[in-house]
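Below is one structure, written out as C-alpha cells, with a few remarks after it.
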There are 2 protein chains.
Amino acid sequence: MDDLLQRLERRDWRLTPQRRAVVDALRGENVHLSADEVLDRVRDELPETSRATVYNTLNELVEMGEVGELHVAGRSRKYDPNVTDRHHHALCESCGMVQDIQLRSDDEPQVPASMPGFELRRLDVLFSGICASCAN
Amino acid sequence: MDDLLQRLERRDWRLTPQRRAVVDALRGENVHLSADEVLDRVRDELPETSRATVYNTLNELVEMGEVGELHVAGRSRKYDPNVTDRHHHALCESCGMVQDIQLRSDDEPQVPASMPGFELRRLDVLFSGICASCAN
DNA sequence: CTATATGCAAAAGCTTTGCATATTC
DNA sequence: GAATATGCAAAGCTTTTGCATATAG
C-alpha cells in the first residue's frame, strides 16, 4: 500500500531523518495536509526540524510527481500522497474537509474540441459545497 | 449581453469612481485578471487608487456572486467577470494563459453517489497543460 | 570525501486590517 | 448628515532564499 518510501528509495532519493518524517506524515488514505500541518507532525518526531526543510522536501516530492498538490480557495496549499489512483476532490466550504473522489472513467471530462493542440498534463475537478454532516 | 455595472446598480451598490474603474477593468470576454492587474488598469484612470480599495471591491464582488474567483497553482488569484455562463477553465502551464471552457451539459461531472447528502455549491474543472502555441 | 540537506533568519509575495479622512446618497 | 468607501501604512500569512554548517552515501 504505502510504497511512497519504496518508490523514493528506488529513485536513489537521498534519505535523511527529516525527509523520512515528512514522508511518514503523508501516510494514509484521504490525506490532505498543509505544509504547516506536515511540519507539526514532523516536529512530533524531530522537534528541531525547520520549516524550510519541510517546504523544500514537499516541493521536491511534488516535482518528482510522487505527491500531489491541491489548491483551495483562500486556504494554503494541501499535499496529497495519493498519486497512484487517479482521483479528484470534494471540499466542504463549512468545515474545510477534503475528500477524494473517484469518477467513473466515462464521467471524466474530456478536453473539448474547441482546444485543438492543447496538450493535457493534469485534470482537476473540485466539487465545493456543504458536506452531509455540516448540513445537519 | 447582460452588464455587470447594471446588475450592481440594480442592487443599490454604492458607486464610487474607484469601484466603477474596477468594474470597467473587468469588462470583456475571457478576462482573468489578478488583483494587481486590476489595480494597474484602475490606476490608468485614477492613479491615486489604493491597493486596499481594489482588494475590498473585488472581495465584495466575489461575495455578491457577481465576479468569479479562480485559484491557480502558484500564481495569485484571478478574477473572472463571467458568472452568467457556466464554464470551466484551461490553463497553460508554460505561458499562464487561461481560457474559458464550455462543457456540453452531459459532460459536466456529477456528484458521485459515494457522497450522499453533499450539497453542491460550485463545480470547478481545470484542464492544465501546454497550449497549442507554446507547444510550437 | 564530496555533494547536498539542514537550520536559521531574513525577505518576498499576496492579502487583510485599523484608523482618520473623504465621499456618496 | 449619516453611513460607508478611501488611502495609507502596518501587519499577517504562506512560501522562498542565501548562507554557513552538518551529514548521507
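Each chain gets a letter, A, B and so on, in the order the sequences are listed, and its residues count up from 1. Both backbone and side-chain heavy atoms feed into the values below; hydrogens, waters and symmetry mates do not.
At whole-Å resolution of the value, CZ in A/R19 and C1' in C/dT4 are 8 Å apart. One atom, CD of B/E48, and another, C1' of D/dC8, lie 13 Å apart when rounded to the nearest Å. Distance NE2 (B/H71) to P (D/dT14): 15 Å, rounded to an integer number of Å. If you take CZ of A/R20 and C1' of D/dT23, they are 14 Å apart, rounded to a whole angstrom. Distance, A/L8 CG to C/dA5 P: 13 Å, rounded to whole Å. The nearest whole Å value for the distance from the CG atom in A/L33 to the P atom in D/dT14 is 14 Å. Atom-to-atom, CH2 of A/W13 to C1' of D/dT23 comes out at 15 Å; the value is rounded to the nearest Å.
At the phosphate of D/dG7, OP1 or OP2 sits under 4.0 Å from a side-chain N or O atom of B/Q18. Of the side-chain N and O atoms in A/T16, one or more sit less than 4.0 angstrom from OP1 or OP2 of C/dT6. For A/T53, no side-chain nitrogen or oxygen approaches OP1 or OP2 of C/dA5 to under 4.0 Å.
Shown here are the side chain to side chain contact (heavy atoms under 4.5 Å, CB included) partners of B/E108, two or more places apart in sequence or in another chain: B/R86, B/H88, B/L103, B/Q110, B/L123. The side chain to side chain contact (heavy atoms under 4.5 Å, CB included) check on A/H87 picks up A/D80, A/N82, A/H89, A/D100, A/Q102, with sequence neighbours excluded. When the salt bridge (charged side-chain N to carboxylate O under 4.0 Å, His left out) test is applied to A/R51, the partners found at least two apart in sequence or on another chain are A/D36.
Between B/D107 and B/R104 a salt bridge is recorded (basic side-chain N to carboxylate O distance below 4.0 Å). Between B/R27 and B/D24, at least one side-chain nitrogen of the basic residue sits less than 4.0 Å from a carboxylate oxygen of the acidic one, meeting the salt-bridge criterion. Between A/E60 and A/R19 there is a salt bridge, since at least one side-chain N of the basic residue sits less than 4.0 Å from a carboxylate O of the acidic one.
In terms of hydrophobic clustering, with Ile, Leu, Val, Met, Phe, Trp and Tyr side chains grouped at heavy-atom distances under 4.5 Å, A/V54 and A/M64 are assigned to a common cluster.
Within the structure, salt bridge (charged side-chain N to carboxylate O under 4.0 Å, His left out) pairs that include any residue of residues 125-136 of chain B do not occur (at least two apart or interchain).
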*Could you write nucleotides 10-22 of chain C as a row of B, S and -, 5' to 3', where a protein heavy atom under 4.0 Å of any base atom gives B, of only sugar-phosphate atoms gives S, and otherwise -?*
----SBBB-----

*Apply the test side chain to side chain donor-acceptor pair (under 3.5 Å) to residues B/W13 and B/E66: give CA-CA distance (whole Å), side-chain angles for both, the deciding distance (0.1 Å), then the verdict.*
CA-CA 12 Å; B/W13 190 57; B/E66 297 289 7; over 6 Å; no

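Taken over five-pair windows at either terminus, the axes of the helix from C/dC1-D/dG25 to C/dC25-D/dG1 are inclined to one another by 50° (rounded to 10 degrees).
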